[in-house]
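Have a look at the structure below before the remarks.
Here is how names work: the chains are called A, B, and so on, in the same order as the sequence lines, proteins then strands, and each is numbered from 1.
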Protein chains: 2
Amino acid sequence: MARKRLQGNRAPTVHTVAKLAGVSIASASRVLNGLGASPETEQRVRAAAAKVGYVPNAVARSLRSRRTDMLALAVEDIGNPVYVAMMRAMETVVRRAGYRLVVHATGADPDGEVELLDGLAKRYVDGLVLVPIRVTDAHLEALSRAAGPVVVVGALPDDVEVDNVRTDSHSGVGLALSHLVESGRRRIALINGPLDTVPGAARQAGYLAARDRLGLPADDALIEIGDFRYEDGRRATERLLDRVRPDAIFCANDLIAVGALHTLLSRGIRVPEEIALVGMDDTDLARMSFPQLSSVSLGSEERGQTAAQLLLDRLVDPDRPPARVTVPPRLVIRASSRAVRP
Amino acid sequence: MARKRLQGNRAPTVHTVAKLAGVSIASASRVLNGLGASPETEQRVRAAAAKVGYVPNAVARSLRSRRTDMLALAVEDIGNPVYVAMMRAMETVVRRAGYRLVVHATGADPDGEVELLDGLAKRYVDGLVLVPIRVTDAHLEALSRAAGPVVVVGALPDDVEVDNVRTDSHSGVGLALSHLVESGRRRIALINGPLDTVPGAARQAGYLAARDRLGLPADDALIEIGDFRYEDGRRATERLLDRVRPDAIFCANDLIAVGALHTLLSRGIRVPEEIALVGMDDTDLARMSFPQLSSVSLGSEERGQTAAQLLLDRLVDPDRPPARVTVPPRLVIRASSRAVRP
DNA sequence: GCCCAGGGTGTAAACGTTTACAGGGCAGTG
DNA sequence: CACTGCCCTGTAAACGTTTACACCCTGGGC
């Protein structure tokens, strides 16, 4: 297999093809774009293009057409299973429409997200799906001056005029707690993430509301806060169990829930017999745990698909009013919270 | 917050700035790129740029500079934890160097990968990291005619002149089996992925070699083949246990291993007391299982980093001879394979 | 035989940037 | 005072496409 790289010579352009075919660049371009041309011209251009291995330059085409056929996705951490699910769903939708996906890991840095929004003015992509975990005033300002279409995944103040996909994790927590009560639990703990994040705040509020609605004991010792990751879940559960003895734990996140499961099992506590466990996000992790984890699905795939579709629609019709889609939560019951006879 | 979108008017260009500052576009461009200019000019151009909110157009710049500052990553499935780890590592390296990452999910479609390689000629990215799970002749041909720099992650025939990052899963399997033998196991099963994949073939060969080297019984009933995913792991383990009773199982993959763990636990088999378990790839899943899973790390992060770095280096020096980096495997021992007294 | 329609083609401009080149002003040197 | 060199600036070309516009030519209708 010889190494025949076209070292010095530039790649063939439409000029190359046109010259070889003996026609003008306009004719060459027209043939290559399937516009009208005589059979004679058609044939000669195609032959010439094939001969030199012509491939149109995407950058030049983008400059002329003012579109890049690329969309950006910005999430905090491309390793988090929730975002992985979203990204996978988006990639599929976007690819089907002939676009490519550029991914950005913002590392929860609000400045980075604002920079990304302002970066839209560089026009290196046609649009952006932003999944902020915290929303600051700087975000809102950057959103209002964004130079291109943006879809935000996650809750926003009502007066922000941006395409928006959200879920209702508030009532999602309610689903989980109702289910736990129905299956005989009363002392239901919450292990949450930071309260200054959008998801953390929503889950906290949802827990408090459901606790009242269901007439559960209002014991704040049942609430523990960590971060949204596995190790934090483990440690938060340790702290919780050193203090109180719930008969169920709701975790704000599957990562936390898997951490909690670890702590429970390593203390010899049986799940779900002694303590039932419910997570949130219904990621692959939930299926892969043992016992399998009940989890409140917030439709990550669906939110990803919808966000991508909204962005694609926006590109077609820039003037349509901002859309807001809410994906309803759905409880997936598995072994970790099955009802048991005492 | 008023909605002041620059509806009709185009975004400001360097012409806009130059005219407003009363200088030529060359002077404007020079100032904006930090090249020499008189203090007077400097000040006026900066003021003008700030006033109209000028942001240079990335596409036009790319056309001129013949570089896009984007790199592509193509993996089979951006949901697989191994690829997630690689992608995350790459994203970090690439971003630090001022590049962006375009991700492609090839869905194990060999045609898609070839298309991607040929697509490099469109020059929409400056280079590509390809992680093929199967390597066909079509791949090799496409590689040899690739129009831009490519780094392949995974084993390749020796005569292929391409930057290449690989690991040694063959000896990685050996590490796992040695460890299992040292901790008192003899009937060690293998649950592998498809043999016509690069990883599948390497693990199979590694298993057979280690089995001989360690003087283990050459019982092919101990080998089970499925696919590389969780459900396949579960089912393959069912089939295996219906047939034989090993005292340890090596799985070609953490996903398979987690599936195997599920089957073992749901049959009431104690891990590691009755059957020890070792996975491969050392993904987050291994840490998150209970009991935590021993796993052979193949350095996914390191391979991702290295691949990205190799690509960046290649862009700087297109003529350096192709590099081949091998990341050594490393056994991470956790609870699932601890030695136990009989 | 004249006119018009219309299909095919070529020239040139446009997209927005960077930069080679040339020209002008000015200071320093002989 | 002429010459050299230097700094700054502007004009114009280049990157590779698509496409508006004008042109030519042919054929059909009157």
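Considering all non-hydrogen atoms of both residues, B/A85 and B/E301 come closest at CB-OE2, 3.7 Å. Contact record, A/R320 with A/L310: NH2-O, 3.1 Å, taken as the closest heavy-atom pair. The heavy-atom pair separating B/L120 from B/P149 by the smallest distance is CD1-O, 4.1 Å.
The phosphate of C/dT17 (OP1 or OP2) has a side-chain N or O of B/Y54 nearer than 4.0 angstrom. Phosphate contact (OP1/OP2 of C/dC15, side-chain N/O of A/R123, threshold under 4.0 Å): absent. Listed pair B/S38 / D/dT9 meets the phosphate criterion, a side-chain N or O lying under 4.0 Å from OP1 or OP2.
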Return all side-chain donor-acceptor pairs below 3.5 angstrom for residues 98-105 of chain B, not counting sequence neighbours, or 'none' if the list is empty.
residue, atom, partner, partner atom, Å
B/Y99, OH, B/R67, NH2, 3.1
B/H104, NE2, B/Y124, OH, 3.0

Per-pair distances, 0.1 Å, donor-acceptor, side chain in residues 18-27 of chain A, under 3.5 Å, sequence neighbours excluded:
residue, atom, partner, partner atom, Å
A/S24, OG, A/A26, N, 3.4
A/S24, OG, A/S27, N, 3.2

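Rounded to whole Å, the distance from CG on A/D126 to P on C/dC15 is 18 Å. Separating the CZ atom of A/R66 from the P atom of C/dT17 is a distance of 10 Å, rounded to the nearest angstrom. Across the protein-nucleic acid pair, B/R10 atom CZ and C/dA14 atom P stand 11 Å apart, rounded to whole Å. Distance A/N57 CG to D/dT17 P: 6 Å, rounded to the nearest Å.
At a threshold of 4.5 Å between non-hydrogen side-chain atoms, the residues A/M87 and A/V131 do not count as touching.
A/N80 places a side-chain N or O within donor-acceptor distance of the main-chain N or O of A/V82, the cut-off being under 3.5 Å. In this structure a side-chain-to-backbone donor-acceptor pair under 3.5 Å is missing from B/N164 to B/V325. Of the possible polar contacts, none joining the B/D126 side chain to the B/L71 backbone as a donor-acceptor pair under 3.5 Å is found. Using a distance-only test at 3.5 Å, with no hydrogens or angles considered, no donor-acceptor pair links the side chain of B/T326 to the main chain of B/R166.
Only B/T13, B/V14, B/H15, listed by number, bring a heavy atom of residues 13-23 of chain B to less than 4.0 angstrom from any atom of DNA chain C. Listed by residue number, the members of residues 39-50 of chain B with any heavy atom below 4.0 angstrom from DNA chain C form an empty set. Less than 4.0 Å separates DNA chain C from at least one heavy atom of each of the following residues of residues 27-35 of chain A: A/S27, A/R30.
Residues A/R61 and B/I25 each lie close to DNA chain D; by heavy-atom proximity, the contact nearer the 5' end of the strand is made by B/I25.
The list of side chain to side chain donor-acceptor pair (under 3.5 Å) pairs with a residue in residues 111-120 of chain B, not counting sequence neighbours, reads B/T106-B/E113, B/E113-B/H139, B/D118-B/R145.
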